[in-house]
Amino acid sequence: MSKRTGVFLILAAGKGTRMKSPLAKVLHPLCGRPMLCHLLDQTMSFRDMRTVCVIGHDAEGVRAVLPAAVGSVIQSPQRGTGDAVRVARRAFAGARVLVVAPGDAPMVSAGTFRRLLEHHRRKKALATVLTAEPEEPAAYGRVICNPDGTVQRIVEAVDADPETLKVRRINTGIYAFDPRALLAVIGRIGKANRKGEFYLTDAIELLSARGCVASLNTDDPDEVTGINSLAELARLEGAIQKHLRGRLMENGVQIPHPQSVYLEPSVRVDAGARLLPGSHLAGRTVVEAGAVIGPDAFVVDSRIGPRSRIWYSVVEGSVLGENVVVGPFAHLRPKTRLAPGARVGNFVETKAARIESGAKAMHLSYVGDVTIGAGANIGAGTITCNYDGFHKYPTRIGPGAFIGSNASLVAPVTVGAGAVVGAGSVITKNVPADSLALTRAPQTVKPGWAKRRRERMSQELGRRKKGG
Ligand code: UD1
Ligand code: CA
């Protein structure tokens, strides 16, 4: 590794016992993504620093969410934060600087890391502790300072006496280290404490005996919040959601019942759009001006054009033009493209469907691997039979075509422009433009048959009753 490189070491090996959940703590989703990923976004924005994660509990699961550029070191068993850093020592030996952060602090910003690094460099310290003074110091480690303001040691809340617990300055678990100095003391940490773990915080006391341990106090304690329980995670999620909705409303998005709207930070909603109760927008979704989402709509990775409306529906990986109506109760699966004025609703499922302007599929249909021309009408219960158990095939429906109710279009097949398919037909051959295709058996009518049958049956019943 080049001497110039710095290293972020993210501690993410713990189980998260206080979560009381089978999922590894750092994999719990926050705004739709594992909480660890939010932190990695920030550390990976430093071009002169490498990011390495210490993993252990559910190492495979955690590794699966790590971006390719992030290294990993396994810690097994997990014997404390000091042990985690010791296990990873080869990843930072020779580095210019080391920043350690807990994987359970998802809100820390790149700016805060930058200020910590800058302060650390200016103070020429062996270590710099990022501290905070939250309203509730609760379970955080307490930072004990020397009279000159440098850090003397950190006492874990579980090991602290009542007097120490009164200290308001807490350890955020985020530090900058001189790697060489840390390596000199990391093997000397003991585990004579309430938890019987190797505490990284003990390295601070060992370093302060050898030189300067500086501290930087953040003015935003919320940003460095560590998540230890599902209730804390939900509180943080709530705060982020409130912030995201607030920002949209400030920018001219109507959200009449904000608490019921769920947003991922990656979505874009333009001024003049409305998000009604139960709207859930995820991934790279864009909602353009005048569009109305909800009540009750889940939209992911989709583009919703101006003045379009989606209600009581699920829309995934789709692109909708302007003035499109989706719902109630439609499911648009990936690669659905709806041109301006198209309509899909009432128990219709689409997949890889290109539906041109003004075309409609409004009732109980499946249309997949299909192109539907402008103004075509897809009757109730139409099914594109796109799959033969081995391969998928396309269906083409020309502009202005009319597909009668309950038709099955067995792909690959083309229905020409302006053609009509009779209700209940099973279409296996191409239908030329402007023609009628029917596969129904001709209807027979027997006048009086039903009445004669009724009479015969009631006579028979009468005879049986007498006889029995
Ligand atoms: C730690 C600090 C505490 C600080 C708090 C800030 C110690 C001893 N205490 O306490 O002073 O106020 O963070 O949030 O460091 N981990 C491993 N391997 C292990 C143990 C933990 O990788 O063997 C990881 C965990 O997955 C977690 C992080 O280290 O992401 C912090 O561990 P956690 O148990 O949450 O420490 P706290 O008790 O919160
Ligand atoms: Ca923690």
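The structure displayed is predicted, hence computed values, not measured ones. Counting starts at 1 for both ligands and their atoms, following the listed order.
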Using the rule given for side chain to side chain contact (heavy atoms under 4.5 Å, CB included), can you reason through I144 versus E205, listing the C-alpha separation, both sets of side-chain angles and the distance that settles it, and then say yes or no?
CA-CA 10 Å; I144 314 298; E205 188 170 3; over 6 Å; no
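- Which parts of ligand 1 touch R79 is read off a 4.0 Å heavy-atom cut-off, strictly below it: atoms 23 (O).
- Set against the non-hydrogen atoms of Q78, the atoms of ligand 1 under 4.0 Å away are 19 (C), 23 (O).
- Distances from ligand 1 to the non-hydrogen atoms of I170 include no value under 4.0 Å.
- Given atom 38 (O) of ligand 1, the protein heavy atom at minimum distance is R18 NH2, 3.2 Å.
- Under a 4.0 Å criterion applied to the non-hydrogen atoms of E156, ligand 1 contributes the atoms 2 (C), 3 (C), 7 (C), 8 (C), 9 (N), 10 (O), 11 (O).
- Distances below 4.0 Å separate heavy atoms of D104 from the following atoms of ligand 1: 30 (O), 35 (O).
- Residue-ligand proximity, K195 to ligand 1, at heavy-atom distances under 4.0 Å covers atoms 38 (O).
- Considering only heavy atoms from C-beta on, E156 stays 4.5 Å or farther from R194 through its side chain.
- Salt bridge status for R63 with E60: present, with a side-chain N to carboxylate O gap under 4.0 Å.
- Look at E118 and R122 and you find a salt bridge, because one of the NZ, NE, NH1 or NH2 atoms lies within 4.0 Å of a carboxylate O, short of that distance.
- In terms of heavy-atom proximity, T172 sits nearest to P102 at O-CG, 3.9 Å.
- Counting atoms of ligand 1 from 1 in the listed order, those under 4.0 Å from a heavy atom of Q75 are 17 (C), 18 (N), 19 (C), 22 (O), 23 (O).
- Considering only non-hydrogen protein atoms, atom 30 (O) of ligand 1 sits nearest to L11 O, 2.8 Å.
- Looking only at N/O/S atoms, D104 comes nearest to the Ca ion (ligand 2) through OD2.
- Aromatic rings of F8 and F113 (six-membered ring for Trp) have centroids within the 6.0 Å cut-off, being under it.
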Residues T350, T336; criterion side chain to side chain donor-acceptor pair (under 3.5 Å); working and verdict
CA-CA 7 Å; T350 67; T336 295; 2.8 Å; yes
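- Between N171 and ligand 1, at least one pair of N/O atoms sits closer than 3.5 Å.
- Looking at S109, its side chain does come within 3.5 Å of a backbone N or O of T112 through a donor-acceptor pair.
- At a 4.0 Å cut-off, not a single heavy atom of E197 sits close enough to ligand 1 to count as contact.
- Between H280 and Y262, the ring planes are tilted. Angles from 30° to 60° get that label.
- Between I154 and ligand 1, no pair of N/O atoms sits closer than 3.5 Å.
- Put simply, the residue from D104, D58, T17 that forms a side chain to side chain donor-acceptor pair (under 3.5 Å) with K25 is D104.
- The protein non-hydrogen atom at the shortest distance from atom 23 (O) of ligand 1 is G80 N, 2.7 Å.
- Near K25, meaning under 4.0 Å from any of its heavy atoms, are these atoms of ligand 1: 35 (O).
- Atoms of ligand 1 lying under 4.0 Å from at least one heavy atom of T172, given by number and element, are 6 (C), 14 (O).
- Between G141 and ligand 1, at least one pair of N/O atoms sits closer than 3.5 Å.
- For atom 16 (N) of ligand 1, the closest non-hydrogen atom of the protein is G14 N, 3.9 Å.
- The shortest N or O to N or O distance between P102 and ligand 1 is not below 3.5 Å.
- What you find for G80 and E197 is that their closest heavy atoms are CA-OE1, 3.7 Å.
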